[in-house]
Structures are given as C-alpha cells and as structure tokens.
Number of protein chains: 2
Amino acid sequence: MTSRPQAARTRKPPGERRAEILHTAARIALDEGLERITLRRVADELGVRPGLIGHYFPAADDLVSEAFAHAAAQERDTLLPPGSHEADRSPTARLAGFLVRLTGADCLDLSRLWLNARHLSRFKPGLRATVREQESLTRTALTGLVEEGVRRGEFRTDDPLGATLHILVTVDGLGAYANDDIDSGSNGESNGDDLNHPALQDLALTVAEHRLALTPGLLRAAAI
Amino acid sequence: MTSRPQAARTRKPPGERRAEILHTAARIALDEGLERITLRRVADELGVRPGLIGHYFPAADDLVSEAFAHAAAQERDTLLPPGSHEADRSPTARLAGFLVRLTGADCLDLSRLWLNARHLSRFKPGLRATVREQESLTRTALTGLVEEGVRRGEFRTDDPLGATLHILVTVDGLGAYANDDIDSGSNGESNGDDLNHPALQDLALTVAEHRLALTPGLLRAAAI
DNA sequence: AGCCTTATTGGTCAGATGGCCAACTACGTG
DNA sequence: CACGTAGTTGGCCATCTGACCAATAAGGCT
C-alpha cells in the first residue's frame, strides 16, 4: 500500500497555512456552527495534526472570532458589493438584490451563522467585539447605499441611519427563525404555517419600501 | 463540628423534587445561559448529587428543553397575562405594557434566553420543538390581544395575524442585540451609539402603532 | 415495631475539549 | 553540501461533559 497512515508532511509558509486554516474554519462555521470549530475538527479537515492549529491560534477563541469575521465579510461582499465597480446598478436594484437574496432560503446558513455568533458572543468577549465590528461594517455599507439612493432621488427619508437600522432589525428578526425547519407543517398544533404567512414573505422589502418612501412592490419587481 | 461534608440526605416526593430541579434549571438558564444547565451545576445548586438529576432527567437535553419552556412560560405570563382577569385593562394598555417592558433593559435576560434557545435548537431537536411551541403560544396570545383590540375598536387592521407577526419579528430583531453590551461607547470606531439611535428606542411601539392604525406616540403614552 | 419501596448516593466510565511541550524534519541559507 | 531556523508532529495532561449502576437509607405502610 502506497498510502501510509501518516500523510506526507508538507511544510507551508505561515501566511498561506494561516489563511488555509481560517478558510476551513469559516466553512465549518457556515455549515455546522461556530462551536464545531475545534482544533481537532479543523486539523482533520486539513489533514494535519491538531497541535498545528493550536500553534497558529494559541487561543482557540481567536480562531472562532476570526473565522466568523472571515465568513461574515465574505458573505457581505457578495450580498452588498462595495460601491465603486457597482456604480452602474441603481441603489434600488442593489437594495432589492440585497434584501431578496438575504431573506431567501439559500441564505439560511448566513442567518444561522449570525444567530450563532450573536449568542456565542455572550460567552466570548473576543467574538463579541468581532460581531460588533461586522455589524458596524454592514450598517455603514447599507447606510451608504441608502444615502446614495436619496442623493439620486430614488429614496426619500430624513433619517438614512434610522431607516437602515429599521431594515436591519427586520432582517435580524426574520433571521431569528432560521433554525425552525420550515418543512415540518401538517402538524395540527404546530406553527409551521404561520411562518409562511404572506406578510412575512416580503416583510423586509415592505419595511424598506415604507421607510424609503418607495411604491409598494417596487423592490420585489426590481429584484432580478 | 456539626456540619459534615455530606449534608443530611433529604428525601422528597418525586413531583416536588422534579419541580425544584426544573425551577433551578430555569433560573440558571435565565442568569447564565442554557448551556450552563448541567447535571453537576444543577445538583450543586440544590445541594444534591449529580446522579439524582440524571435520575429525574435521563436525557439531559430534556432538562434543557423543559427548563426553557418553564422560564419562557413564566415570563410570558408576566408580560402578557392571560385575558380573563385582565379584562378591565384595555388592549391598548396591555399591548403598550407588553412592548415597553419587553424591550426594556430589565428584560435583557429574557431576550438573551430566546436568542440562546433559538440558536441551541439548531443542535437539539427536542429544544427546537419546544421553541416552536413557545413561539406559537406567544403568537396566539398576542393575536388574541390584537383581535380583542380590533373588536373594541381600539385597533384597526384587516390582518391581525400579519400585524402580530410583524410586531414579533421586530421584537425578535431588537432582541438580536441583547448580548451587545450597550455601555461600551466612547469607542471611536465602535457602533455603540448606533444602538441608542432614537429610531430604535421605540421601534417596536412605532411598528405596532403603524400596523394597528394607532396615532403615533399613543402606546408610549399608554405605558404606565 | 418492622418492612419495603424507591429516592438518593457515590463511584466509574468513555468521550471530547484546549493547552502545553519536546522531538522531528522540511526547507531556505550560507 | 552542511547548518540551523521554524513548521510540524505526537503525545500527554487536566477538565468537563452525560450516562450508567450497585449500594444505601429515608420515610410511608402495615
């Protein structure tokens, strides 16, 4: 047999190895949760020994924090791409895309991750700080989008920050149910159907349209 | 010495002991989080041996689920007392009291608990079912309050359930920030001040007034 | 009073976790 | 080619967790 129990010991430059660990940890966080980020778990995934992970992250909590930051930033760049090279798309289209995709079913992992981080930050001060930073970044990005929309005359509000906060509270509120499996209906006393209430489907869009003085249905229509 | 290392072995009727365990576990959950509910932790608190807790709850997850249900139900009865003996208070006053107290700082523990349970339910099927039940109970109670308000002519809406869901989404969204310590401002790049934005202070009240066609400020004024 | 059910104890066990450290070796440097 | 830095290994440890079980004794019953 050519494959021995111990894989070939490959030696990588610290920066690359560190990035590799972070990337793996972020994926685990999105797939299975932040508490599944464990020295052994990451090591197994990478085919290295647990001690190596501990070498790059002497405090395991730091790995968790940075992995969350990595995942959150990556998802944010996808959902709310920074302005410069997106200047051609209208703020309305960008906001619609952001909200529609964010509250869509394919983004459940992200909602779960935020729920995860917000709770876990109760016990981990480092993660708490990271969560606040990521919240701040999202808030700033969305506020910028709203302000640009106001400048272009697409949105109308006297309080861009207030509108942003309201929209985000709504998004986070919808995200609170990310772990309720939707498909467990047909339960007589269950509440499975309530979460499919039409008022909830487009709630984030409705709130945004209300706060930004848009005609109802505009955002849904603007979503590609 | 009159106090020996082993306390007097007291034997209690099963029902009483079980209730005692549940009460203690619920308090731990509210104070420190659901993951702090541990056989040993509860046993220490009660001055008994860990094995005894395991005897009453052969599956530790069931203790967690029931403790959450206990805490959630207790808090709900406080914030949203069932109708009969509260029929004298107007729906407006009851709704205002519910929202003001719920989003108040003294209710942080409750928000944290829900955040905790919603995340933890990702890994514990039993807890997931319990969370859904408790959500359903709160939803039913609030919907009943809204419908009564509509009957009395205090509220106006064609979709009581939709209004209830919207209000609860907003409450849950605000609760998402329960673990961000508010008092860490004066941080140049921090977002501590954003959470003190005036639009957030009364957001739940504002949404409720909007959905129920109430004059702005009415609920704040109706809160005792 | 004695008995008998069972609440309660005390101990063990396996599994998982983070942290630590000496030894090994891959790889760039001289 | 030899050397030495440092990336990597393998192993050990303390700690915490839930689960399990035989032995004990408390308290109600006859």
Side-chain angles (χ1 to χ4, degrees), chain A residues 3-25 28-29 32-68 116 120 122-127, chain B residues 3-25 28-29 32-68 116 120 122-127:
Chain A
S3 68
R4 275 157 266 161
Q6 54 183 11
R9 172 185 287 200
T10 57
R11 187 193 182 97
K12 298 192 176 183
E16 180 180 340
R17 182 66 89 185
R18 191 186 160 88
E20 189 183 41
I21 293 174
L22 231 36
H23 186 77
T24 301
I28 294 176
E32 309 172 33
L34 289 167
E35 33 273 283
R36 292 280 204 270
I37 298 181
T38 221
L39 302 189
R40 285 161 181 79
R41 181 80 175 72
V42 176
D44 285 351
E45 204 102 356
L46 265 66
V48 296
R49 313 268 26 175
L52 184 59
I53 313 299
H55 171 70
Y56 282 94
F57 294 89
D61 283 357
D62 290 346
L63 173 56
V64 174
S65 297
E66 294 195 35
F68 167 70
N116 193 169
L120 213 56
R122 176 174 185 178
F123 307 109
K124 300 182 186 294
L127 179 59
Chain B
S3 68
R4 275 154 267 160
Q6 54 182 13
R9 171 186 288 201
T10 57
R11 186 192 182 97
K12 298 192 176 182
E16 180 180 340
R17 183 65 90 184
R18 190 185 160 87
E20 188 183 41
I21 292 173
L22 232 36
H23 186 76
T24 301
I28 293 176
E32 308 172 33
L34 290 166
E35 33 273 282
R36 293 280 205 269
I37 297 180
T38 222
L39 302 187
R40 285 159 182 78
R41 180 80 174 72
V42 176
D44 286 350
E45 204 103 354
L46 266 67
V48 297
R49 313 270 16 173
L52 185 60
I53 314 299
H55 172 70
Y56 283 95
F57 293 89
D61 283 358
D62 291 346
L63 174 56
V64 173
S65 297
E66 293 196 34
F68 167 71
N116 194 169
L120 213 57
R122 177 174 184 176
F123 307 108
K124 299 182 187 293
L127 179 59

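As the structure is a prediction and not an experimental result, all values here were calculated from the model. Below, each value reflects all heavy atoms present in this structure, side chains not excepted, and no hydrogens, waters or symmetry copies. Numbered from 1 within each chain, the chains take letters A, B, ... in sequence-line order.
As rounded to whole Å, 12 Å separates atom P of D:dT17 from atom NZ of B:Lys124. When rounded to the nearest whole Å, the span between CZ of B:Arg18 and P of C:dT8 equals 13 Å. Atoms CG (B:Leu34) and C1' (D:dG18) sit 17 Å apart, rounded to a whole Å. Rounded to a whole Å, the NZ atom of A:Lys12 is 25 Å from the P atom of D:dT5. Between the CD atom of A:Glu16 and the P atom of D:dA6 there is a distance of 18 Å, given to the nearest Å. We find that CZ of B:Arg40 is positioned 7 Å from C1' of D:dG18, with the value rounded to whole Å. Computed from coordinates, the A:Asp62 CG to C:dG19 P distance equals 9 Å when rounded to whole Å. The distance between atom CD1 of B:Ile53 and atom P of C:dA7, rounded to the nearest whole Å, is 14 Å.
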Side-chain atoms of residues 45-60 of chain A: list all donor-acceptor pairs with protein atoms under 3.5 Å, sequence neighbours left out, distances to 0.1 Å.
{"residue": "A:Glu45", "atom": "OE1", "partner": "A:Arg41", "partner atom": "NH1", "Å": "2.3"}
{"residue": "A:Glu45", "atom": "OE2", "partner": "A:Arg27", "partner atom": "NH1", "Å": "3.4"}
{"residue": "A:Glu45", "atom": "OE2", "partner": "A:Arg27", "partner atom": "NH2", "Å": "2.7"}

Margin query: As a quick check of understanding, evaluate side-chain contact (heavy atoms from CB on, under 4.5 Å) for B:Asp61 and B:Leu127, giving each step before the final call.
Written below: CA-CA 8 Å; B:Asp61 283 358; B:Leu127 179 59; over 6 Å; no

Item checked: Chi angles and distances behind the side-chain contact (heavy atoms from CB on, under 4.5 Å) call for B:Glu20, B:Val42 -> CA-CA 10 Å; B:Glu20 188 183 41; B:Val42 176; over 6 Å; no

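Proximity of B:His55 to the phosphate of C:dA7: a side-chain N or O atom is located under 4.0 Å from OP1 or OP2. When the side-chain nitrogen and oxygen atoms of B:Thr38 are compared with OP1 and OP2 of D:dG18, one or more of them lie within a distance under 4.0 Å.
If you check every strand for non-hydrogen atoms under 4.0 Å, A:Gly51 touches a base. Residue contacts shown for B:Pro58 are limited to sugar-phosphate atoms, with no base heavy atom under 4.0 Å away. Counting non-hydrogen atoms under 4.0 angstrom, B:Pro50 reaches nothing in the nucleic acid.
No hydrogens or angles were tested; on distance alone, nothing pairs the side chain of A:Arg17 with the base of D:dG7 as donor and acceptor under 3.5 Å.
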Please write out the pairs of protein N or O atoms and N or O atoms of nucleotides 26-30 of chain C separated by less than 3.5 Å, giving the distance to one decimal.
{"residue": "C:dA26", "atom": "N3", "partner": "A:Arg11", "partner atom": "NH1", "Å": "2.7"}

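At least one donor-acceptor pair closer than 3.5 Å links the side chain of B:Asn116 to the backbone N or O of B:Leu34.
Distance CD1/B:Ile28 to OG1/B:Thr38: 9.0 Å, rounded to 0.5 Å. Between B:Glu16 atom CD and B:Ile21 atom CD1 the span is 11.0 Å, to the nearest 0.5 Å.
Between A:Leu39 and B:Val48, the residue anchored nearer the 5' end of DNA chain C, judged by the nucleotide with its closest heavy atom, is B:Val48.
Under a 4.0 Å N-O distance rule, the pair B:Arg18/B:Glu66 qualifies as a salt bridge.
Each of D:dT8, D:dT9, C:dA7 was ranked by its minimum atom distance to the side chain of A:Tyr56; first place goes to D:dT8.
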